[in-house]
Amino acid sequence: MSKLGHEMVRYADDMVILCPSTQAAETVLQTLREWSAQAGLALHPEKTRIVDMGQPGAHFDFLGSRFWRGKTSGRI
């Protein structure tokens with residue numbers, strides 16, 4: 001994990017960024033949008049979202065797999 005508390009997993013043009021708070025996620029998302037625009041790229045509007053993994057039933061799909069927080073371990 002980086003000094004900022006964010007971690008990025010990237011495969012081809014897909015990525016998941018894990019952040020310690022919604023505020024941090026919003027900041028990272030804005031930074032990523034700006035960085036992408038400078039590179040002539042755009043984030044997919046239907047696939048790009050912030051998910052609060054602390055909420056019951058919260059999940060995200062990545063590369064054909066669904067991820068959620070384990071009920072007993074608390075790990076994703």
Pairing residues for [X] by the side chain to side chain contact (heavy atoms under 4.5 Å, CB included) criterion, not counting sequence neighbours:
{"X": "A37", "answer": "none"}
{"X": "L29", "answer": "R33, L43, T48, I50"}
{"X": "S21", "answer": "Q23, A24"}

task: With the side chain counted from C-beta on, respond yes when M15 and L32 share a heavy-atom pair under 4.5 Å apart, and no when they do not.
output: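 M15 vs L32: side chains touch.
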
field: Pairs touching residues 49-63 that satisfy salt bridge (charged side-chain N to carboxylate O under 4.0 Å, His left out), sequence neighbours left out
entry: D61-R66

message: Restricting to side-chain hydrogen bond (donor to acceptor under 3.5 Å, both in side chains), what partner residues turn up for E34, sequence neighbours left out?
response: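 For E34, the residues satisfying side-chain hydrogen bond (donor to acceptor under 3.5 Å, both in side chains) (neighbours in sequence not counted) are Q30.
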
task: Please identify each residue that fulfils side-chain hydrogen bond (donor to acceptor under 3.5 Å, both in side chains) with E46, with sequence neighbours left out.
output: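 Not a single residue meets the side-chain hydrogen bond (donor to acceptor under 3.5 Å, both in side chains) criterion with E46.
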
- prompt: For the atom pair CE (M53) and NE2 (H59), what is the distance rounded to the nearest 0.5 Å?
  reply: 8.5 Å

query: When the ring planes of F67 and F62 are compared, do they come out parallel, tilted or perpendicular, using 30° and 60° as the limits?
result: tilted

